[in-house]
Amino acid sequence: MTSSLVPFSTELDHPSPYYLGAEIEPQLPEVLTAFEHDRCFLVTSRPLYERMGRGLAKRLRQAGIALKVVLVGDGEREKSWRSLRQLGEALIAGGATKDSLVLALGGGALGNLVGLAAALLYRGVRFVEIPTTLMALTDSTLSNKQAINGRRGKNLFGSYHAPVLIWGDVAYARSEPDRQRRAGVVEGIKNLLITGRGRAEAIELLNAWRAGDLLGLTRRLIDSKLPILRADPTERGSAIILEYGHTFGHAIEWLAAGRLFHGEAISIGMCLAAQLSNALGCASDRFVAEHEELLGERLGTPTQLPAEIAPRQLLETMHRDNKRSRKGLGYLLLRSWGEFVNPEGDRQTKVEDELVLKLLSQQAAPTTPRVKSVR
Ligand SMILES: NC(=O)c1ccc[n+]([C@@H]2O[C@H](COP(=O)([O-])OP(=O)(O)OC[C@H]3O[C@@H](n4cnc5c(N)ncnc54)[C@H](O)[C@@H]3O)[C@@H](O)[C@H]2O)c1
């Protein structure tokens with residue numbers, strides 16, 4: 001189904017034009033040509049190249065754009081030094097100059113890898129995000145954070161590098177597997193929770209997802225995040241609230257080693273944060289139940305710690321996480337929609353490890369469903 005092109009600006013410190021629509025690929029050559037360049041490098045994975053990259057490359061070449069294709073591995077494991085070095089060297093070997101444009105066609109992981117390579121190459125070349133997943137359309141492309149993982153955790157090495165444009169053609173994301181797309185909705189629910197926009201809006205978001213209205217869903221998810229980013233584009237101040245559920249979630253994602261999608265790990269992390277707030281006497285039972293209802297029942301993402309993740313192991317991983325500061329491990333906790341337990345400064349609340357361990361041990365009941373491998 002073809003829709004009209006909807007251009008708008010992210011209005012951030014380094015605003016990136018975001019072009020959103022469905023089946024808008026025919027208009028990309030003209031937009032790219034407006035950015036003076038010597039050649040373009042289309043970086044994508046083999047499966048995505050077969051699925052949509054080949055057609056895109058043909059269209060760009062037919063429009064007179066000098067284009068080279070660079071294939072890389074895809075997914076979380078490829079956010080590595082090895083992949084970063086290989087990509088950087090491939091771009092140089094392919095003749096990339098400071099005047100080249102690097103196009104990242106893929107999900108959030110590929111976008112992060114290509115974005116970091118573009119940030120480092122010649123101290124920064126221009127790059128274009130062409131997201132192919134709901135998560136990338138609505139989340140990773142908006143924040144200019146590019147990163148690879150380290151041996152001890154996620155996103156340990158990175159940089160801020162804004163794309164010169166984001167080309168959000170939801171048609172590319174139609175082939176995304178259901179479970180993965182579902183995981184891409186989680187951060188939107190989180191954004192509504194942290195800004196206090198209310199349960200009714202969360203239900204509307206979930207209805208758009210259930211109806212398969214990918215364009216409408218994408219717009220809603222973008223709108224849930226952009227106002228927070230506009231107020232704090234580098235996410236070092238007020239936008240820290242975007243990390244709700246991530247203290248637990250990032251560590252769970254890391255320990256699940258590919259068996260959980262990012263959004264699934266964050267879904268569990270948000271439920272744990274609500275339970276922790278409840279255990280501290282801050283959040284009501286009802287607020288905890290709302291997390292379970294919106295995420296577990298309505299969206300269908302996991303809400304319980306996988307049985308194979310031991311509570312102590314999770315706590316240790318959290319302590320090592322990249323969000324660790326000299327102040328030590330803290331938690332973003334809500335009392336209710338939009339109301340943080342600590343409304344000041346970094347909004348973090350300190351909690352004794354023993355209490356967290358007790359909560360996690362209660363979660364790690366033998367009946368907890370095991371996560372199935374997704375790779
Ligand atoms: N920079 C940020 O602020 C930020 C924000 C959110 C997430 N992220 C990062 O994004 C990553 C997760 O991104 P993701 O959810 O897009 O997953 P992903 O990029 O890991 O992709 C998952 C799999 O989906 C495949 N895929 C991609 N598009 C597809 C399509 N259209 N059809 C079929 N398969 C397709 C990929 O090839 C890959 O195998 C994580 O690394 C996370 O850390 C970054």
Side-chain angles (χ1 to χ4, degrees), residues 10 12 16 43-53 55-56 71-80 83 104-116 119 129-150 153-163 166 168-188 190-191 214 218 221-222 225-226 228-229 233-236 239-240 242-243 245-246 249-254 256-267 301 321-323 374-375:
T10 57
L12 302 175
S16 302
V43 185
T44 191
S45 66
R46 167 69 65 189
L48 293 179
Y49 180 71
E50 298 301 342
R51 210 183 278 277
M52 69 271 288
L56 173 60
L71 297 181
V72 293
D74 200 356
E76 200 59 36
R77 280 193 3 202
E78 301 294 334
K79 284 175 59 169
S80 66
S83 300
L105 176 71
L110 189 137
N112 277 187
L113 173 70
V114 179
L116 187 56
E129 295 254 31
I130 310 179
T132 63
T133 64
L134 186 63
M135 164 75 80
L137 276 161
T138 62
D139 197 324
S140 59
T141 54
L142 297 181
S143 72
N144 299 325
K145 296 188 295 184
Q146 317 301 345
I148 55 168
N149 301 327
K154 262 181 73 75
N155 299 333
L156 295 184
F157 305 99
S159 172
Y160 291 90
H161 193 49
I166 304 159
D169 188 341
V170 299
Y172 294 140
R174 290 215 181 101
S175 53
E176 186 179 24
D178 275 352
R179 181 180 154 201
Q180 192 174 311
R181 182 179 303 157
R182 187 188 305 259
V185 180
V186 171
E187 301 260 8
K190 176 209 68 186
N191 296 340
L214 202 47
T218 299
L221 288 169
I222 290 172
K225 179 161 184 175
L226 258 190
I228 306 170
L229 277 182
T234 56
E235 297 175 55
R236 289 182 170 129
I240 185 81
L242 287 166
E243 297 289 323
H246 284 57
H250 264 164
I252 293 168
E253 184 181 5
W254 181 251
R259 285 163 297 162
L260 287 176
F261 292 118
H262 178 73
E264 291 179 325
I266 300 306
S267 172
T301 48
D321 192 25
N322 62 335
K323 301 300 177 296
V374 294
R375 294 245 163 99

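Just so you know, ligand 1 is whichever comes first in the structure, and atom 1 is the first atom listed for that ligand.
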K.L.:
About how many Å separate CG of L229 and CG of L142, when rounded to the nearest 0.5 Å?
P.N.:
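Rounded to the nearest 0.5 Å, the CG-CG separation comes out at 6.5 Å.
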K.L.:
Could you tell me, atom by atom, which parts of ligand 1 come under 4.0 Å of a heavy atom of E76?
P.N.:
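By the 4.0 Å cutoff, the relevant atoms are 40 (C), 41 (O).
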K.L.:
Pick one of side chain, backbone, both or neither for how M135 approaches ligand 1, counting any non-hydrogen atom pair under 4.0 Å.
P.N.:
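Side chain only.
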K.L.:
Please answer whether the main-chain N or O of A119 pairs with a side-chain N or O of Q146 as donor and acceptor at a distance below 3.5 Å.
P.N.:
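Not at all, since once roles are kept as given, no pair shorter than 3.5 Å links the two residues.
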K.L.:
On a heavy-atom basis, I'd like to know which of H262, E264, E253, K154 is closest to atom 43 (O) of ligand 1.
P.N.:
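The residue whose heavy atom sits nearest atom 43 (O) of ligand 1 is K154.
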K.L.:
Evaluating non-hydrogen atoms only, which member of D74, T44, V170, L110 is closest to atom 39 (O) of ligand 1?
P.N.:
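The nearest heavy atom belongs to D74.
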K.L.:
Using a 4.0 Å heavy-atom cut-off, which part of Y172 comes near ligand 1: side chain, backbone, both, or neither?
P.N.:
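Backbone only.
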K.L.:
I need the atoms of ligand 1 closer than 4.0 Å to a non-hydrogen atom of T133, numbered in the order shown.
P.N.:
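Checking each atom against T133, I get 14 (P), 16 (O), 27 (C), 28 (N).
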K.L.:
Out of T132, N112, I266, whose heavy atom sits nearest atom 9 (C) of ligand 1?
P.N.:
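Nearest heavy atom to atom 9 (C) of ligand 1 lies in N112.
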K.L.:
Measure the shortest side-chain to side-chain distance between L56 and Y172 over non-hydrogen atoms and say whether it is less than 4.5 angstrom.
P.N.:
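In contact.
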K.L.:
Check ligand 1 against G108 and write out every atom of the ligand that is under 4.0 Å from a heavy-atom position of the residue.
P.N.:
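With G108 as reference, the close atoms of ligand 1 come out as 10 (O), 11 (C), 13 (O), 14 (P), 16 (O), 19 (O).
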K.L.:
In Å and rounded to the nearest 0.5 Å, what is the CD1 to CG distance from I130 to D169?
P.N.:
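Going from the CD1 atom of I130 to the CG atom of D169 covers 9.5 Å.
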K.L.:
Are R181 and L214 side-chain neighbours, meaning at least one heavy-atom pair lies under 4.5 Å?
P.N.:
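A side-chain contact exists here, since the closest heavy-atom pair is under 4.5 Å.
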K.L.:
Just heavy atoms, cut-off under 4.0 Å: does R174 contact ligand 1 by side chain, backbone, both, or neither?
P.N.:
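Neither; no heavy atom under 4.0 Å.
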K.L.:
How long is the span from the OG1 atom in T10 to the NZ atom in K225, to the nearest 0.5 Å?
P.N.:
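So the OG1 of T10 and the NZ of K225 are separated by 12.0 Å.
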K.L.:
Measure L48 to ligand 1 on non-hydrogen atoms and call it side chain, backbone, both or neither using the 4.0 Å cut-off.
P.N.:
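It is the side chain that touches ligand 1; the backbone stays farther off.
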K.L.:
Any idea which of R51, Q180, E78 brings a heavy atom closest to atom 24 (O) of ligand 1?
P.N.:
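Result: the heavy atom closest to atom 24 (O) of ligand 1 is in Q180.
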K.L.:
Does a side chain donor of either E76 or H262 reach within less than 3.5 Å of an acceptor in the other side chain?
P.N.:
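Note: E76 and H262 side chains miss the donor-acceptor criterion.
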K.L.:
At a non-hydrogen distance cut-off of under 4.0 Å, which region of Q146 contacts ligand 1 (side chain, backbone, both, or neither)?
P.N.:
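Q146 to ligand 1: no contact under 4.0 Å from either part.
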K.L.:
Using a strict 4.0 Å cut-off to heavy atoms of M52, name the atoms of ligand 1 that fall inside it.
P.N.:
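Taking each heavy atom of M52 in turn, ligand 1 has 31 (N) under 4.0 Å.
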K.L.:
Using a distance-only test with no angle check, is there a side-chain donor-acceptor pair under 3.5 angstrom linking H246 and E253?
P.N.:
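H246 vs E253: no donor-acceptor pair found between side chains.
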K.L.:
For the residue pair D139 and L221, establish whether any side-chain heavy-atom pair is separated by less than 4.5 Å.
P.N.:
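D139 does not reach L221 side chain to side chain.
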K.L.:
Return the option from S143, A136, S45, S175 holding the heavy atom at the smallest distance from atom 3 (O) of ligand 1.
P.N.:
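Answer by nearest heavy atom: S143.
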